[in-house]
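Just so it is clear: chains get the letters A, B, ... in the order the sequence lines come, proteins before strands, and each one is counted from 1.
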Amino acid sequence: MAREYDVAAVERKWQDRWRDEGTYEVSNDDPRPPFYALCMYPYPSGPAHQGHVRNYTFGDLIVRYQTMHGKAVLSPLGFDSFGLPAENAAIRTGTHPRVFTEARIAELKESLTRLGAVYDWRREVVSHDPAYIHWNQVIFLRLLEAGLAYRALAPVNWCPGCQTVLANEQVLADGTCERSGDVVEKRDLEQWFFRITAYVEELLLGLDDLEWPERVKAMQRNWIGRSEGAEFDLVVEGRPELSLRVFTTRPDTSFGMTYAVVAPEHPLVDELTRPEQRAAVDEVRRRAAAETEIERTAEGGALDKRGAYTGSRVVNPFNGEPVPLYVADYVLMGYGTGAIMAVPAEDERDWDFALAHGLPYVRTVEPPDGWDGSGNGAYTGDGVKINSGFLDGLDVVAAKARAIEWLEERGIGVRKVNYRLRDWLVSRQRFWGCPIPIVYCPGHGAVPVPEADLPVLAPDDVEFLPTGRSPLATNEGFLHTTCPVCGGPAQRETDTMDTFVDSSWYFLRFCDPFSTGMPFDPAAAVHWMPVDQYIGGVEHAILHLLYARFYTRALIDVGLAPGLPREPFRRLFTQGMIRMDGTKMSKSKGNLIAPADYYESAGADALRLFHLSAVPPTDDMDWTDQADEVIDGCARFLDRLCRLVAADDVVARDGEPGEPDMAVRRTVHRTIRLVTVDIERWSYHTAVAHCRELLNELLVYQRVDGGPCRDVLDEGRDALLLLLAPMAPHLTAELWELVHGPGAAVHAQAWPSFDPALAEEASVILVVQVNGKVRDRIEVSPEVSAAEAEALALASPKVAELLDGGTPKRVVVRPPRLVNLVL
RNA sequence: GCCCGGAUGGCGGAAUCGGUAGACGCGGAGGCCUCAAAAGCCUCUGCCCGCAAGGGCGUGCGGGUUCGAGUCCCGCUCCGGGCACCA
């Protein structure tokens, strides 16, 4: 389409100027109030896609908006540059991951620059920078010293596709890898963990005060999975010295226990299995070890095969009754005590298992009248306790408390809180990540690499082969070293850290990326932190955001960040994702619509406006056929803005504004108020709509009979340019310079303020309803009194017709908006 | 199964406190300009009845509260997301 201005030239000109003049560089001793605006640093996968454009348009708007509010805005960007795609590319093409990654970073940087997004590039942090690796490793050693990092043999999630271990958080609900989609296997391996569980209660409670989307907070609470209950011992029948500890959230149902279950991996299984049951128990254990989660849970899981009687019985301490002890894979070793009391009448899983194994049930809660128990006979709701001895007659909540008291009085059990959250497994059997700074000595075991010898860097002379083994594990030069303790021969740890470790503190490095003696100067971090506005995709709701909250606390507690606030991200905004044909728009799906195409045609400003105005920022956006037409509409809007500002045939008049001019002024001031409020509440799409309304009105006013009043037109034009400056930065900068002369910078101006008196309407529409239906509309003053409003309504000819001489039974008057006459 | 969202014209969406439903945009129709087209400009555009004036209906479904409900309450349906043998 033919444009009113040379889009490419104008956008390039301003991008160059912002870069050359360092417009958005900010120093740590800047006297203005600090504001930290941060978009999640991206994995460099190549040129920006529409999801990036959306994310960084929102972020850039905030940077420019807060700058116009007089803040010193910290706007850094870096790249989450370690990760598997680069390593896979190396295996495929023979290119070193560093070379590959740096080429992708250059592409992404270029396309974000062309979007007009501005950053203090001096502060750029990339994960694979040796300086960043250095401090990553220092932090690891400090965590180790503090007991927050440890090594343990543990059943881990092994992804055969990625040839590495995964964190629990990286395994999807169906047991597959979130990256490769392969079915994750179980393996027992010696791995490094971070003790995130030490902070579990704080991580849970801290959520309450955060200005985060409720949805994200709910997801984190859910993931942490706190549940309250009791732990107590079941003595094995005939063996008073031996007992089994169980955890339950329903101690009130203890009288309904008709059997008990241990996990197949439970250490007491062997001892509790009687010879005649050995074969059946072994079969359950074999299946549990061999089958994946999917196989086990598929098709209802053939419950009769998933458990077996051990031959032992355990005694219910509440009533002294012995009940059979089963082994079954529906009880997990990794949660609670790995053993449960089973109450079929009040637990659905126990009900199903009891049914499959012909076990009885005893109800301990009276189900309500009309409850038919069809489907599953377990009743899990509230009700009056029955068949429960001293608990009878209580409700569930009271009975829980009483049951725990009873256990504690007798020393049989205790109140207990359990969490779903496990420690964070950080070892990865990959090359392109931060090496774990540990050496294994035959005499001294795992020994930390002395800080003076850091960083431990991966060698460059490695071969990338599709063997599934990290090149580090076979590189002799890297592998062999000496023990820091005894000087004897030793081997290096060849695992690297999960890349989520890198992203757990990059926002702190941004505060002071120039620091050489420490990860960051705590004073600088305290100056900028917490992040005032964090922006990113909701897909990071659990992993990254939970890890970063943990890491910030850990860094404070090991003394690396004294004085830092414990919550790193005060305000979080999660933008919706971009979908196409019902799925996420992504490279792997092959449905990318490249932003570069639009930079050439409609321009970055038009593309930005599109992303700001198309849908509410939190909503997912469907990229449909309509997108191109809407983007053209955004370009048309910018052309109309050009015509407003650059029109050379307008005959404006000087002198006092009359009433029609004042009406325009009122629109201007009202628009300033509306747009400001909308930006503060993340309603960018309505902010754009209000700017469009103002432009429409100004264009009409410009051609008004008798000519517009010059001051009013100028005021409106300037206000509009200022309001649009964070949204369409290139064109507003160009037009501002056109109007105010060379050197004038729209982004250096203060955000426009409005006159509250002018922002009010001069007149409002009084709606007259009869029996709740709108029958007339009358223009009135906003100050109209109730009596006046009622009189005006009754005087309406339409109302008179409906009244037909009668009087209303009731009159509701809400001046100045509404009168409702009830007949 | 549990926990969060959501459902408004042909489409994206607006309605911040219970008070004009449909702002703004896309698409569509008609007109102006033009030799013609593009661009631009103007008017109309929820549905139904009506020549019109006007009237009726209308925010997923069924109830309720209220002078008045897209908005609040109760009960559903469908869609999206998260969690899921977590005892």
Closest to the side chain of Asp347(A), out of A87(B), C83(B), G13(B), is A87(B)
Check the phosphate of A87(B) against Tyr335(A), side-chain N and O only, distance under 4.0 Å to OP1 or OP2. Yes or no? yes
Indicate, with a heavy-atom threshold strictly under 4.0 Å, whether Ala614(A) touches base, sugar-phosphate, or nothing. sugar-phosphate
Indicate whether the side chain of Gln220(A) and that of Arg549(A) have a donor and an acceptor atom separated by less than 3.5 Å. yes
Where along nucleotides 17-25 of chain B does protein come under 4.0 Å, by heavy atom, of base (B) or sugar-phosphate alone (S), with - for untouched nucleotides? --BBS-BSB
For Arg221(A), answer base if it contacts any base atom (sugar-phosphate contacts may also be present), sugar-phosphate if it contacts only those atoms, and nothing otherwise; contact means non-hydrogen atoms under 4.0 Å. nothing
Result for 5'-nearest mapping on RNA chain B, choosing between Lys773(A) and Leu674(A), is Leu674(A)
In terms of side-chain heavy atoms, does Tyr5(A) have a donor or acceptor partner in Asp639(A) at a distance below 3.5 Å? no
Pick out which of Tyr361(A), Trp351(A), Phe353(A) makes a ring pair (Phe, Tyr, Trp, His ring centres under 6.0 Å) with Tyr259(A). Phe353(A)
Rounded to whole Å, CG of Leu543(A) lies from C1' of G82(B) at a distance of 12 Å
Same-atom distance (P) from C57(B) to A69(B), integer angstrom: 13 Å
Classified by glycosidic angle (syn within 90° of 0, else anti), G30(B) comes out anti
For residues 764-776 of chain A, which residue pairs qualify under side chain to side chain donor-acceptor pair (under 3.5 Å), counting only residues two or more places apart or in two chains? Asp776(A)-Ser796(A)
Under 3.5 Å for both donor-acceptor distances, Watson-Crick or wobble: does G70(B) have a partner, and if so which one? none
Just call it for Arg215(A): base, sugar-phosphate, or nothing, with non-hydrogen atoms closer than 4.0 Å on any strand. sugar-phosphate
Pair partner, G10(B) [Watson-Crick or wobble, under 3.5 Å]: C26(B)
For U65(B) and A53(B), measure between their C1' atoms and round to the nearest Å. 38 Å
Roughly how many Å is it from CG in Asp620(A) to C1' in A7(B), rounded to a whole number? 15 Å
Mark yes or no: Arg420(A) above the aromatic ring of Tyr335(A), with NZ or CZ under 6.0 Å from the six-membered ring centre and no more than 45 degrees from the axis. no
Rounded to whole Å, please give me the gap between NZ in Lys217(A) and C1' in C4(B). 13 Å
With the threshold set at 4.0 Å, does a side-chain nitrogen-carboxylate oxygen contact exist between Lys798(A) and Glu801(A)? no
What nucleotide among A15(B), G82(B), G13(B) has an atom nearest to a side-chain atom of Met219(A)? G82(B)
Between His266(A) (NE2) and A87(B) (C1'), how many Å, whole number? 13 Å
Separation of A39(B) atom C1' from Arg643(A) atom CZ, nearest Å, is 8 Å
Looking at the angle O4'-C1'-N9-C4 for a purine or O4'-C1'-N1-C2 for a pyrimidine, is C17(B) syn or anti, with syn meaning within 90° of 0? syn
Which side chain to side chain donor-acceptor pair (under 3.5 Å) pairs, counting each pair once, include a residue from residues 778-790 of chain A, with sequence neighbours left out? Ser763(A)-Glu779(A), Ser781(A)-Glu783(A), Ser785(A)-Glu788(A)
Phe573(A) vs Trp682(A) aromatic rings, parallel, tilted or perpendicular, using cut-offs 30° and 60°? parallel
With both distances kept under 3.5 Å, what pairs with G5(B), Watson-Crick or G-U wobble? C79(B)
Mind checking Ser683(A) for me? I need base, sugar-phosphate or nothing, with any heavy atom below 4.0 Å counting as a touch. nothing
Between C42(B) and G25(B) - P atom distance, rounded Å: 11 Å
Rounded distance in Å between the C1' positions of G80(B) and U43(B): 40 Å
Whole angstroms only, please: what is the NE2-C1' distance between His611(A) and C26(B)? 16 Å
Could you tell me which nucleotide pairs with C57(B) by Watson-Crick or G-U wobble geometry, both distances under 3.5 Å, or answer none if nothing does? G46(B)
Distance between P atoms of U16(B) and G10(B) (Å, rounded): 23 Å
Quick check on RNA chain B: between Asp350(A) and Arg775(A), whose nearest nucleotide comes earlier from the 5' end? Arg775(A)
So do Thr258(A) and Val343(A) actually touch side chain to side chain, heavy atoms under 4.5 Å? no
Could you tell me how far apart Phe610(A) (CZ) and G13(B) (P) are, to the nearest whole angstrom? 11 Å
What does C35(B) pair with, Watson-Crick or G-U, if both distances are under 3.5 Å? none
Nucleotide paired to A84(B) in any strand shown, Watson-Crick or G-U, under 3.5 Å: none
Between A15(B) and C79(B), how many Å separate the two P atoms, rounded to a whole number? 27 Å
Considering only NZ, NE, NH1 and NH2 on the basic side and carboxylate oxygens on the acidic side, decide whether Asp649(A) and Arg703(A) come within less than 4.0 Å. yes
To the nearest angstrom, the CG-P distance between Leu207(A) and C3(B) comes to 19 Å
Between A14(B) and U8(B), how far apart are the P atoms? Round to whole Å, please. 11 Å
Examine A87(B): is either OP1 or OP2 under 4.0 Å from a nitrogen or oxygen in the side chain of Ser227(A)? Give yes or no. yes
In whole Å, what separates the P atom of C67(B) from that of C17(B)? 22 Å
